[in-house]
There are 2 protein chains.
Amino acid sequence: MAARDYGQYSGISRAVELVGERWALLIIRDLLVGPRRYGELASGLARIPTNILAARLKELQAAGVIRRAPRSRVIVYELTPYGRELEPVVLALGAWGFKALGDPRDEQVITPDSMTIDLRTAFRPVVAAQLPPTAYGARLGGAELVIRVNGSALDVTRGGGDVDVAFAAGTGFRRLISGELAPERAIETGVVDVLHGRRELLDRFAETFHLAAA
Amino acid sequence: MAARDYGQYSGISRAVELVGERWALLIIRDLLVGPRRYGELASGLARIPTNILAARLKELQAAGVIRRAPRSRVIVYELTPYGRELEPVVLALGAWGFKALGDPRDEQVITPDSMTIDLRTAFRPVVAAQLPPTAYGARLGGAELVIRVNGSALDVTRGGGDVDVAFAAGTGFRRLISGELAPERAIETGVVDVLHGRRELLDRFAETFHLAAA
DNA sequence: CTGCATCCAGAATGATACTG
DNA sequence: CAGTATCATTCTGGATGCAG
């Protein structure tokens with residue numbers, strides 16, 4: 001039950017003892033977006049068995065990475081301050097893994113939380129600071145997000161709202177961000193579908209969010 | 001055998017599919033220090049079962065993270081360029097885990113490679129750049145290292161050589177680096193044992209290598 | 001209904017023995 | 001030295017049960 005240890009005295013081995021079990025980093029990823037209820041975690045991590053989710057939540061609590069917090073009648077899980085220190089690690093790991101992503105397969109889901117973190121990994125604050133504030137509406141798989149960029153600040157929320165440009169992208173999302181496909185080409189080929197708004201803002205999106213493939 | 005996938009289309013899930021299996025990140029950690037033979041990896045990761053090591057090496061090759069390279073009669077494993085891009089991830093994770101380290105337990109080993117990476121995570125190049133070049137000899141558990149700091153450059157090698165100060169530290173190593181114990185106190189209490197050289201250089205060591213506990 | 005606990009088949013790991 | 005083969009143990013995944 002407790003994470004088996006590696007018998008080594010080192011930072012890495014301690015870290016993987018704490019958060020290296022299967023599913024653990026994905027739980028942490030979703031909690032980086034915000035506190036979540038048990039059921040919210042379960043539906044965000046569609047294929048996690050419920051007993052494994054319960055076990056991981058206990059282990060991560062014991063490790064001091066997350067905690068149960070009562071919020072007006074319901075219980076949510078949230079990162080502790082120490083857990084939140086994993087943010088740079090998760091973002092760096094996500095950036096690395098993003099480069100190895102191919103096109104999404106049919107059985108793969110995109111959740112709002114995972115997409116939010118992926119957007120954070122690809123976000124270029126220095127570039128964004130030079131551009132006017134913009135709100136994008138993005139529909140990707142099952143996730144529908146409003147992405148607000150204001151200076152070097154990024155804010156991603158779920159659901160609708162007023163946006164400057166709204167688009168739907170399946171396989172195109174990664175290609176846009178990797179620079180593999182220019183925005184105009186993406187629209188032409190139908191890989192990205194602009195639903196409404198100023199379609200030229202897709203260029204700005206591609207500038208703001210960029211992660212070159214390896 | 002192949003890494004089971006999480007059914008999600010995201011950077012993190014892809015990353016943990018590639019390097020999230022048990023022992024994988026420790027193998028990568030040691031390969032970050034330099035190319036290693038099968039037997040070197042096996043002895044650095046004392047408790048890894050040999051079949052698991054063999055399996056991981058194959059999976060990591062298939063993932064494009066490492067490769068087998070023939071070096072004058074023998075075969076070594078080394079990181080691919082893509083694998084080397086994990087360096088910031090491993091260092092960040094190591095820094096996080098280091099903060100959760102307690103005192104070393106008896107059954108825990110310290111290997112030269114793991115210690116080398118831990119020193120890299122704690123190294124402060126900006127601080128080091130202000131200090132004169134210094135060579136430290138450190139004996140920690142089974143690992144005996146020569147640590148050369150020259151400006152903002154750090155070089156850690158195994159074995160002996162001329163150093164400005166040599167010291168042995170058991171539990172003291174972490175406490176020194178975390179700032180939990182001042183160098184003078186460490187020497188007084190016998191937690192750190194200066195073998196020869198200028199003992200006041202331990203202050204410089206503690207300035208150069210620092211990682212505050214959480 | 002949410003938040004888990006229990007049960008069981010199958011997969012991964014760990015220990016050890018063995019081979020080219 | 002560099003792995004492969006075998007087998008006991010542990011963990012995961014999927015289904016289901018159940019208490020607040």
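Computation of the quantities below employed the complete heavy-atom set of this structure, encompassing side-chain atoms and omitting hydrogens, waters and symmetry-equivalent molecules. What you are looking at is a predicted structure, and each value in this text was computed from that prediction instead of being measured. Throughout, protein chains are lettered first and strands after them, A, B, ... in sequence-line order, and every chain is numbered starting at 1.
- Ion pairing between a basic and an acidic side chain is recognised when a charged N comes within 4.0 Å of a carboxylate O; A:Arg174 and A:Glu180 show such pairing.
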Task: Base versus backbone protein contacts along nucleotides 14-20 of chain D [heavy-atom cut-off under 4.0 Å; B, S, -] - done: BBB----
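- Five base pairs at each end of the helix from C:dC1-D:dG20 to C:dG20-D:dC1 define two local axes, and these are offset by 30° (rounded to 10°).
- Taking side-chain N and O atoms only, B:Arg37 has no distance below 4.0 Å to OP1 or OP2 of D:dC1.
- Considering only side-chain N and O atoms, B:Arg4 lies nowhere under 4.0 angstrom from the phosphate OP1 or OP2 of C:dA11.
- Cation-pi geometry between B:Arg22 and A:Tyr6 is satisfied (NZ or CZ under 6.0 Å from the ring centre, within 45° of the ring normal).
- With sequence neighbours excluded, the residues satisfying ring-ring contact (aromatic ring centres under 6.0 Å, His included) with B:Phe167 are B:Phe205.
- Under the side chain to side chain donor-acceptor pair (under 3.5 Å) criterion, the residue pairs touching residues 34-43 of chain A are A:Arg36-A:Asp113, A:Tyr38-A:Thr50, with sequence neighbours excluded.
- Between A:Glu85 and B:Lys99, at least one side-chain nitrogen of the basic residue sits less than 4.0 Å from a carboxylate oxygen of the acidic one, meeting the salt-bridge criterion.
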Open item on the list: Let's go through B:Arg14 and A:Gln108 carefully: what are the C-alpha distance in whole Å and the side-chain angles of both, what is the deciding distance for side-chain hydrogen bond (donor to acceptor under 3.5 Å, both in side chains) to 0.1 Å, and is it a yes or a no?
Closed with: CA-CA 11 Å; B:Arg14 187 78 185 117; A:Gln108 289 184 312; over 6 Å; no
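- OP1 or OP2 of C:dC4 lies within a sub-4.0 Å distance of a side-chain N or O belonging to A:Tyr77.
- Side-chain atoms of B:Trp23 lie closest to C:dG14 of the nucleotides C:dT2, D:dG3, C:dG14.
- You'll find that the side chain of A:Arg68 is closest to C:dG3, out of C:dA11, C:dG3, D:dA2.
- Picking from D:dT12, D:dC1, C:dA12 the nucleotide with the shortest atom distance to the side chain of B:Arg56 gives C:dA12.
- Annotation: side chain to side chain contact (heavy atoms under 4.5 Å, CB included) contacts of B:Val89 (sequence neighbours excluded): A:Ala92, A:Leu93, B:Leu86.
- Remark: A:Lys58 is in phosphate contact with C:dA5, judged by side-chain N or O atoms under 4.0 Å from OP1 or OP2.
- Within the structure, every pair that satisfies the side chain to side chain donor-acceptor pair (under 3.5 Å) test and touches residues 134-146 of chain A, not counting sequence neighbours, is listed here: A:Thr134-A:Arg204.
- Between A:Ile27 atom CD1 and C:dG3 atom P the separation is 14 Å, expressed in whole Å.
- When rounded to the nearest whole Å, the span between CZ of A:Arg36 and P of C:dT2 equals 16 Å.
- Residue contacts shown for A:Arg73 are absent, as no nucleic acid heavy atom lies under 4.0 Å away.
- Remark: B:Arg68 does not engage B:Glu78 in a salt bridge, criterion side-chain N to carboxylate O under 4.0 Å.
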